[in-house]
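Contents: one structure, followed by commentary.
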There are 2 protein chains.
Amino acid sequence: MAARIDDVARRAGVSTATVSRALRGLPSVATATRARVLQAAAELDYIASPSASSLASGHTRTVGLVTPSISRWFHGHVIEGAERTLRAAGFDVLLHALMLDASMSRAPIDPAVLRRRVDGVLVVGLPVSEEELAALDSLDVPLVFVGAGPPGRVRVHMDDVGAARMVVEELVARGHRRIGQVQGTPTHSVSWSPAVERAQGAEDGFAAAGTVIDRADRPVERGDFSVEGGRAAAARLLDRDPALTAVYAHSDEMAFGVLAELEDRGVRVPEDLSVVGIDGHDLGGLVGLATMAQDASGQGAVGASLILEMLAGADVGPDVLYPVTWVPRRSIAQAPAL
Amino acid sequence: MAARIDDVARRAGVSTATVSRALRGLPSVATATRARVLQAAAELDYIASPSASSLASGHTRTVGLVTPSISRWFHGHVIEGAERTLRAAGFDVLLHALMLDASMSRAPIDPAVLRRRVDGVLVVGLPVSEEELAALDSLDVPLVFVGAGPPGRVRVHMDDVGAARMVVEELVARGHRRIGQVQGTPTHSVSWSPAVERAQGAEDGFAAAGTVIDRADRPVERGDFSVEGGRAAAARLLDRDPALTAVYAHSDEMAFGVLAELEDRGVRVPEDLSVVGIDGHDLGGLVGLATMAQDASGQGAVGASLILEMLAGADVGPDVLYPVTWVPRRSIAQAPAL
DNA sequence: TTGTAAGCGTTATCAT
DNA sequence: ATGATAACGCTTACAA
């Protein structure tokens with residue numbers, strides 16, 4: 001049915017080896033020959049069998065995307081950016097999602113699925129364990145992390161610590177002295193996850209504030225990086241300390257939950273309480289959420305480019321730090337007078 | 001480096017053919033033999049080369065997902081549901097995104113990318129042209145549509161016409177007589193896209209309302225299925241007819257844009273104007289958006305299952321109609337008194 | 001139930 | 001610059 005390489009060879013009057021060279025753009029082919037081959041291939045609507053060429057060459061022209069989510073804002077956008085870049089370079093994208101279950105835990109990365117199947121792996125917003133890292137290394141292909149990656153590895157991410165610090169500084173500068181936090185929960189307890197770094201940055205912000213804010217005046221609850229988690233955490237926060245004047249949610253999605261809970265309780269934003277998030281979610285403007293915005297699809301595109309460069313033999317530096325933008329919106333204001 | 005099938009064969013003391021049969025669970029293998037093979041394979045950490053087995057068998061154990069978006073609500077959720085189902089069945093997922101450019105147009109589906117690479121194709125929320133349909137058919141693999149598909153094809157989708165009709169009926173029942181619409185724009189002009197059907201359903205609703213609503217009292221603007229498009233369409237709608245008492249947006253994301261525009265203009269929802277969407281976007285509750293909700297990830301899972309069944313040789317009926325749920329929220333209310 | 005051996009459709013090595 | 005041909009690592013008749 002479908003044309004094979006020797007059909008093209010016969011039609012062009014050359015050997016299969018020459019067809020292969022011509023079609024892949026290798027140098028040592030006479031211009032006239034190449035033209036004839038291209039012509040013949042086009043006429044036959046020939047496309048090389050990916051499995052055959054993978055088997056023979058050892059390359060798959062496929063990059064694996066490992067992610068804990070597709071529908072969440074960050075992951076969806078990173079995947080979108082990466083897919084576009086990879087496809088433009090003629091690579092296929094293999095999606096490997098490790099969904100979180102109800103208890104926020106997940107199956108470990110299964111290297112068997114990726115082995116011999118991809119030329120590179122992009123880990124999207126997923127803190128991995130030491131064992132998983134070893135498993136990924138054993139694939140022996142370029143490995144790039146977007147959004148969260150172990151130090152020393154090739155990774156592209158925002159400055160989580162710095163962004164969190166700036167958020168706290170914005171709040172303190174507006175007179176807030178009782179600031180609750182809704183923290184994310186990393187799927188693996190590693191020191192380099194956004195969950196941890198966005199908490200660390202807040203500590204830095206408090207330390208640098210020039211005003212001592214007692215630990216009791218900055219309570220923290222966990223929100224699992226989800227809207228519902230954020231809502232529940234906000235509820236616990238307000239129950240603990242009804243006198244809070246601000247809440248810093250470590251992600252916009254959790255901040256949405258905070259806003260929902262506040263509305264239910266009749267707490268006015270920002271008159272009674274200010275709310276700030278991190279991420280720059282598309283719908284933040286809709287609810288007037290102040291945030292530190294990052295460019296997720298841009299990071300996905302850069303991550304994909306890095307893999308392509310590594311595949312081309314380039315040495316790439318370990319860290320691409322992506323800038324963030326402060327987006328003040330109506331959810332943040334001066335702290336109410338005491 | 002990596003173990004191959006003859007390493008396993010040698011270790012288990014059988015032929016490569018037997019290893020192949022044993023590992024794939026084919027019937028004609030003695031229990032004891034199978035155990036020895038499994039044991040040997042485990043010891044060597046053996047995994048069959050996908051390219052080699054594809055080449056030999058003609059199957060790829062991969063399903064292609066063709067979609068115009070990953071970050072939008074519907075597409076992200078469908079992909080998530082489909083991925084989960086396919087992976088559970090041992091299939092890989094190839095992501096093929098056809099991003100829309102600024103003018104809402106997109107590159108045509110490139111069958112070359114899919115040819116010989118997938119055992120099945122799931123088209124996610126994407127109206128395709130006749131040419132594209134022919135190209136997809138030429139792949140000669142199971143083809144399933146989710147969210148939008150040509151009549152007669154295997155597809156899973158909500159009842160767009162019925163849902164739109166119900167939305168209009170809900171508005172009319174609350175006394176609304178001047179109802180604006182924010183319509184989606186299909187990427188291809190086909191009669192069976194949600195964009196068209198959600199408009200058609202509205203017509204049905206008006207016709208069945210028992211009250212004649214003049215065409216001039218139900219103006220329509222296009223919103224491109226995006227938040228910003230929805231906002232712009234709402235602006236045009238209000239400029240045309242400031243006396244509207246309700247807006248039916250053909251998707252929740254466009255409805256979000258409508259709400260944003262209304263807020264900017266100081267139009268109170270629902271006191272001055274009611275807003276209703278379709279989809280059941282996760283963040284609808286946050287802004288109190290009334291909507292007809294559908295289960296996107298469920299549809300993705302069902303679509304994937306259908307492909308798996310077709311691959312198994314089953315005959316599957318052409319249409320799986322997914323139910324919708326009316327979710328009244330605070331954005332809908334009685335029409336204001338004249 | 002198991003083994004032998006012929007493909008599957010390329011790429012890459014080595015000549016020419 | 002081009003051609004022969006041996007891999008690549010499986011699956012699947014066909015035999016036994």
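A note on names: the letters A, B, ... follow the listed sequences, proteins ahead of strands, and every chain is numbered from 1.
- The distance between atom CD1 of A/I5 and atom C1' of D/dT2, rounded to the nearest whole Å, is 14 Å.
- Listed candidates were C/dT11, C/dG3, C/dT1. Nearest to the side chain of B/A30 is C/dT1.
- Computed from coordinates, the B/D6 CG to D/dT11 P distance equals 12 Å when rounded to whole Å.
- Here the P atom of nucleotide C/dC8 and the CG atom of A/D7 are 12 Å apart, to the nearest Å.
- B/R10 has its CZ atom 13 Å from the P atom of D/dG9, to the nearest Å.
- B/T60 places a side-chain N or O within 3.5 Å of a backbone atom of B/D119 that can act as its donor or acceptor partner.
- Residue-to-nucleotide proximity on DNA chain C shows that, of A/S49 and B/S28, the 5′-proximal contact is made by B/S28.
- A sub-4.0 Å separation between OP1 or OP2 of C/dG3 and a side-chain N or O of B/T18 is present.
- In this structure, A/R117 places its CZ atom 12 Å from P of D/dC10, rounding to the nearest Å.
- For the atom pair CG of B/L114 and CG of B/L143, the computed distance is 9.5 Å after rounding to the nearest 0.5 Å.
- Here A/A17 lies in heavy-atom contact (under 4.0 Å) with a base.
- B/R21 has its CZ atom 21 Å from the P atom of D/dG9, to the nearest Å.
- At whole-Å resolution of the value, CG in B/L55 and P in C/dA6 are 17 Å apart.
- Proximity of B/S20 to the phosphate of D/dT11: a side-chain N or O atom is located under 4.0 Å from OP1 or OP2.
- With hydrogens and angles ignored, no donor-acceptor pair under 3.5 angstrom links the side chain of A/R116 to the base of D/dG9.
- In this structure, the side chain of B/D319 does not engage the main chain of B/L321 through any donor-acceptor pair within 3.5 Å.
- If you check every strand for non-hydrogen atoms under 4.0 Å, B/T33 touches sugar and phosphate atoms only.
- For the OP1/OP2 pair of D/dT11 and a distance below 4.0 Å, the side-chain nitrogens and oxygens of B/S57 include no atom meeting the criterion.
- Here the side chain of B/V29 is nearest to one of C/dT2, D/dT5, C/dC8, namely C/dT2.
- A distance of 8.0 Å separates CZ of B/R87 from CG of A/L98, quoted to the nearest 0.5 Å.
- Using a 4.0 Å heavy-atom cutoff across all strands shown, A/R24 reaches sugar-phosphate atoms only and no base atom.
- For the atom pair CD (A/Q294) and CH2 (A/W73), the distance works out to 5.0 Å, reported to the nearest 0.5 Å.
- Between the CD1 atom of A/I47 and the C1' atom of C/dT10 there is a distance of 15 Å, rounded to whole Å.
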